[in-house]
Amino acid sequence: MLDLPDASSLPAEWWALDAVTLAARLIGAGLFWRGVGGRIVETEAYRADDPASHSFRGETLRNRAMFGAVGRAYVYRSYGIHWCFNIVCDAHVPGSAVLIRALEPLAGLDAMAERRGTRAPKLLCSGPGRLTQALGIDGGQDGADLLAPPFRLTAPVGPHALLTGPRIGITKGVEQPWRFGLAGSPYLSRAFREGRAGPADPT
DNA sequence: TCGTTGATATTCT
DNA sequence: GAATATCAACGAC
C-alpha cells in the first residue's frame, strides 16, 4: 500500500554511473520511506568538477556525505530555512550526487498535507524544499543509507519521455543542461523552457 | 499572472 | 560581510 506494486529495486550497476546519467535514469523511479513517498519527476546532477556543486571546493563538515559511500543521502540546509535531499553516487568520482527536486505524491498524502499545511497536490512535493518537508526529511537523514529500510528506491516502470534543461537557482555552471524532468508531469517545480523531450534510455 | 522581497542558518571570502 | 542547489506572501497589473 505504501509502495508501488511490482516495483523492483534499482539496478545495482546504477551506483557506478556518473551523476548526470543517474539523474536522468532516476526520473520515474520511486522514493519511499516511513509511509510516504512518490515518483521522482525532477532531478539535478552535481559533481566535484562542477563549480555549482557543494563538493567543488573539497570536503567540508557540511558536504561530508557527498564524499562518502554511494547510495546514501546528502541532506543540507538551504537558505537557512529549507532542507534539500540528494542521493550520493559514482564511487569513481567522490563528490557526486543527484538532487531530488520534485515528486509525484503517491503514498501518505495525509501526512504530507499535514506537514505542508495544504492539501493541494501540486504544493506537496513540487520543489526540493517542499518535498523534504512533506516527507519529514531533515538533517537527521544526512548520510542515511537509502538502500535499506526504512528507505526504498524502486526502478522506473514503463516508457516515459525526458525533459532536460539548465539547473535552477545557481549562478555558476549555468550552461550545463543537468536538470531532468518527466515530460508532461504536473508536479514539476517549474516548467522546462525549450526542454528537448526524448525517450528515456532503458536499463 | 507576474515580479519583488523577507526569512533565516551555514559556509566561504 | 556576502552568498546561497528556496519558498511564500504581497502588491502591481
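Note: A:F180 CZ to A:I27 CD1 = 8.0 Å, rounded to the nearest 0.5 Å. Once rounded to the nearest 0.5 Å, the distance linking CD of A:Q141 with CG of A:L146 reads 10.0 Å. The structure places CZ of A:F85 at 12.5 Å from OH of A:Y76, a figure rounded to the nearest 0.5 Å.
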(request) Could you summarise the pairing of DNA chain B as dot-bracket text, marking Watson-Crick and G-U pairs under 3.5 Å with ( ) or [ ] inside the strand and | across strands? (result) |||||||.||||.
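For residues 108-131 of chain A, the set of pairs meeting the salt bridge (charged side-chain N to carboxylate O under 4.0 Å, His left out) definition, not counting sequence neighbours, comprises A:D110-A:R119. The stretch residues 77-101 of chain A participates, sequence neighbours left out, in these salt bridge (charged side-chain N to carboxylate O under 4.0 Å, His left out) pairs: A:E42-A:R101, A:E44-A:R101. Residue pairs satisfying the salt bridge (charged side-chain N to carboxylate O under 4.0 Å, His left out) criterion with at least one member in residues 157-178 of chain A, sequence neighbours excluded, are listed as follows: A:D50-A:R167.
In this structure, A:R167 reaches neither bases nor backbone, as no heavy-atom distance under 4.0 Å exists between it and the strands shown. A:L99 comes within 4.0 angstrom of a nucleotide base, judged by non-hydrogen atoms across all strands. Looking at heavy-atom distances under 4.0 Å, A:T171 makes contact with sugar-phosphate atoms alone, never a base. A:R116 comes within 4.0 angstrom of sugar-phosphate atoms only, judged by non-hydrogen atoms across all strands, and of no base.
Taking 4.0 Å as the cutoff to heavy atoms of chain A, we find the contact window on DNA chain C bounded by C:dT4 to C:dA8. The outermost nucleotides of DNA chain B lying under 4.0 Å from heavy atoms of chain A, listed 5' to 3', are B:dA7 to B:dT13.
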(request) Assess whether side-chain contact (heavy atoms from CB on, under 4.5 Å) is satisfied between A:F56 and A:R47, documenting all intermediate values. (result) CA-CA 7 Å; A:F56 184 62; A:R47 315 194 312 193; over 6 Å; no
(request) Determine, step by step, whether A:M112 and A:C125 satisfy the side-chain contact (heavy atoms from CB on, under 4.5 Å) criterion, reporting the C-alpha distance in whole Å, the side-chain angles of both residues, the deciding distance to 0.1 Å, and the verdict. (result) CA-CA 8 Å; A:M112 290 186 186; A:C125 299; 3.6 Å; yes
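A:I40 and A:T43 make their closest contact through CG2-CG2, 3.5 Å (heavy atoms, listed as atom of the first residue, atom of the second, distance). Minimum heavy-atom separation, A:S126 to A:A102: CA-CB, 4.0 Å. The two atoms that bring A:D145 and A:F151 nearest to each other are O-CD1, 3.7 Å, heavy atoms only.
Nucleotides C:dA2 and B:dG6 are separated by 16 Å at their P atoms, to the nearest Å.
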